[in-house]
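Source: prediction; values computed, not measured.
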Amino acid sequence: MDKEASQLERDHIHSVYEKIAPCFNDACYKAWPKVQQFISEQERGSLIADIGCGNGKYLHISSQVYKLGCDYCFPTVESARSEGHEVTVCHSLCLPYRSECFDAVLSIAVIHHFSTEERCMRAIKETARILRVGGQIMIYVWAMEQNRRRFEKQDVFVPWNPSPPSCSSGEPCPRGVQKSILHKDKELALNQPCHKLDGTSEKELAVRRQLKIDHHPKQGAFCQPQNERRPGSSLQRAVSERTPTTQSRQQTWLRYHHVFKEGELAELIDCHIPELYITQSYFDHANRCMIAEKTEMWKI
């Protein structure tokens with residue numbers, strides 16, 4: 001199951017973002033006020049990590065703190081690096097940072113791309129690992145209840161329809177993805193030893209989600225009822241059999257999201273990540289959001 005989930009994320013997250021990166025950079029450049037406020041309120045000289053930093057739109061905020069960014073998408077990391085930011089390529093489940101070395105951590109629009117609850121939990125736990133005791137973490141995930149979108153199910157494919165013709169051809173991004181420095185980053189990321197997570201087994205997934213693809217009349221997403229699954233087929237094969245013709249014809253890229261119900265993120269943290277104590281929960285820009293503090297409890 002974990003192998004299938006990883007393949008799904010490679011095909012409908014990592015691969016997609018590498019292809020749409022130029023258009024995505026143009027569309028996602030404005031910092032959200034509450035995230036900006038969180039960064040600005042950190043103490044002078046604080047070290048902040050932006051996990052899933054994308055094009056680095058939060059890395060320029062506040063010259064009073066020092067920021068490191070990371071992302072798995074080569075073109076967006078290159079874009080952030082070209083702006084002078086300190087960034088690297090790595091996977092969110094295996095961060096190349098020492099434990100308890102950051103004063104604050106951002107995880108903006110990252111956790112909802114993991115395709116099982118167990119992988120979401122591991123991503124949050126790995127992010128909490130690098131946070132010092134007393135430090136703060138801010139997490140944003142897409143909400144199921146939104147004004148502009150209607151979700152019938154929580155596991156959905158949301159299409160990205162690029163506007164510029166140069167970005168809709170399906171060709172790889174023309175922004176130097178093959179630069180050697182990025183390949184060195186990838187090699188480091190893939191060879192980085194993962195820190196063992198207490199109580200977590202790679203072979204024993206505590207909770208598995210059945211992938212159900214929601215249908216959005218306005219957004220063009222695709223539906224895959226659970227009872228149409230073939231026994232023994234992988235999640236990705238089931239998805240691929242239903243979407244390639246439409247995706248190719250409409251030049252639409254499908255991004256996987258798990259949209260969170262109210263209270264779901266808090267329950268996940270409260271039940272599985274005791275080292276984090278939630279101090280704020282709120283709704284912002286169609287996202288379920290929370291700020292949590294790392295406590296001493298995890299050492300007991």
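Atom-to-atom distance recorded for Gln7:CD and Ser15:OG is 10.0 Å, nearest 0.5 angstrom. Within the model, atoms CD1 of Ile51 and SG of Cys90 stand 6.5 Å from one another, a figure rounded to the nearest 0.5 Å. Rounding to the nearest 0.5 angstrom, the gap separating the OH atom in Tyr66 from the CG atom in Leu59 is 10.5 Å. Remark: Ile139 CD1 to Leu265 CG distance equals 5.5 Å, nearest 0.5 Å. Interatomic distance, Phe157 CZ to His12 NE2, rounded to the nearest 0.5 Å: 4.0 Å. Separation of atoms NE2 (His258) and NE2 (His113) is listed at 13.0 Å; rounding is to 0.5 Å.
Residue Ile278 is grouped with residue Ile111 when hydrophobic side chains (ILVMFWY) are merged at heavy-atom distances under 4.5 angstrom, including chains of intermediate members. Cluster annotation: Ile137 is not connected to Tyr140 through the hydrophobic network of ILVMFWY side chains, with a link wherever side-chain heavy atoms come within less than 4.5 Å. Residues Val105 and Met121 are members of one and the same hydrophobic cluster, defined by side-chain heavy-atom contacts under 4.5 angstrom among Ile, Leu, Val, Met, Phe, Trp and Tyr. Cluster annotation: Ile124 is connected to Phe102 through the hydrophobic network of ILVMFWY side chains, with a link wherever side-chain heavy atoms come within less than 4.5 Å. Linking Ile, Leu, Val, Met, Phe, Trp and Tyr residues whenever their side-chain heavy atoms come within less than 4.5 Å leaves Val35 and Leu47 in two separate clusters.
Ring geometry for His285 versus Trp32: interplanar angle under 30°, hence parallel rather than tilted (30 to 60°).
Of all the heavy atoms in Leu95 and Ile130, the pair that sits closest is CD1-CD1, 3.8 Å. Contact record, Met290 with Ser281: CB-OG, 4.1 Å, taken as the closest heavy-atom pair. For the residue pair Tyr58 and Ile39, the shortest heavy atom distance occurs at O-CD1, 3.7 Å. Gly52 approaches Val110 most closely through the heavy-atom pair CA-CG2, 3.8 Å. Between Ala21 and Thr76, the closest heavy-atom pair is CB-CG2, 4.1 Å. The two residues Asp71 and Cys73 come nearest to each other via the heavy atoms OD1-N, 2.9 Å.
Salt-bridge formation is not detected for the pair Glu126/Arg122: no Lys NZ or Arg NE/NH1/NH2 atom is positioned less than 4.0 Å from an Asp or Glu carboxylate oxygen. Taking a cutoff of 4.0 Å between a charged side-chain nitrogen and a carboxylate oxygen, Arg129 and Glu275 do not qualify as a salt bridge.
Counted by atom type alone, His91 and Glu9 present zero donor-acceptor pairs between their side chains at under 3.5 Å. Counted by atom type alone, Arg255 and Tyr17 present one or more donor-acceptor pairs between their side chains at under 3.5 Å.
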### Message
Would Glu118 and Asp2 count as a side chain to side chain contact (heavy atoms under 4.5 Å, CB included) here? Give the steps.
### Response
CA-CA 9 Å; Glu118 192 270 348; Asp2 195 58; 4.1 Å; yes
### Query
Should Phe38 and Gln42 be marked as a side chain to side chain contact (heavy atoms under 4.5 Å, CB included) after you check the CA-CA gap, both sets of side-chain angles, and the distance that decides it?
CA-CA 7 Å; Phe38 175 81; Gln42 299 302 312; 3.6 Å; yes
### Message
Arg132 vs Lys294, test: side chain to side chain contact (heavy atoms under 4.5 Å, CB included). Steps then yes/no.
### Response
CA-CA 7 Å; Arg132 68 167 175 82; Lys294 188 171 183 177; over 6 Å; no
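Between Lys261 and Gln154, the closest side-chain pair of non-hydrogen atoms falls below 4.5 Å. Contact annotation: the side chain of Leu93 approaches that of Phe114 to within less than 4.5 Å [non-hydrogen atoms, C-beta and beyond]. Looking only at side-chain heavy atoms (C-beta outward), Arg119 and Ser6 come within less than 4.5 Å of each other. Within the 4.5 Å cutoff, no side-chain heavy atoms of Arg149 are placed close to those of Val259. Thr127 has its side chain out of reach of Ser92: every pair of non-hydrogen atoms, C-beta onward, lies at least 4.5 Å apart. Using a 4.5 Å cut-off on side-chain heavy atoms (C-beta onward), Ile108 and Met138 make contact. At least one side-chain heavy atom of Tyr97 sits under 4.5 Å from a side-chain heavy atom of Thr88. Contact of the Met144 side chain with the Phe260 side chain is not registered, since no non-hydrogen atoms from C-beta on lie closer than 4.5 Å.
Within a 6.0 Å radius of CD in Glu145, more than 12 heavy atoms belonging to other residues, nucleotides or ligands are found. Within 6.0 Å of CD on Gln146 lie more than 12 heavy atoms contributed by other residues, nucleotides or ligands. Heavy atoms of other residues, nucleotides or ligands lying less than 6.0 angstrom from OH of Tyr277 number 12 at most.
With His257 contributing its side chain and His112 its backbone, the two residues share no donor-acceptor pair below 3.5 Å. Panel note: side chain Asp103, backbone Gly135; no donor-acceptor pair is recorded below 3.5 Å. Looking only at distances, no side-chain donor or acceptor of Glu18 sits under 3.5 Å from a matching main-chain atom of His14. Counting only distance, with no hydrogens or angles, the side chain of Asp50 and the backbone of Gly69 share no donor-acceptor pair below 3.5 Å. Side-chain N or O atoms of Asn287 include none that pairs as donor or acceptor with a backbone N or O of Cys289 at under 3.5 Å. Using a distance-only test at 3.5 Å, with no hydrogens or angles considered, a donor-acceptor pair links the side chain of Lys67 to the main chain of Ile61.
Results of the side-chain contact (heavy atoms from CB on, under 4.5 Å) test with Gln136 over Leu106, Ile291, Leu276 single out Ile291 as the only residue that passes.
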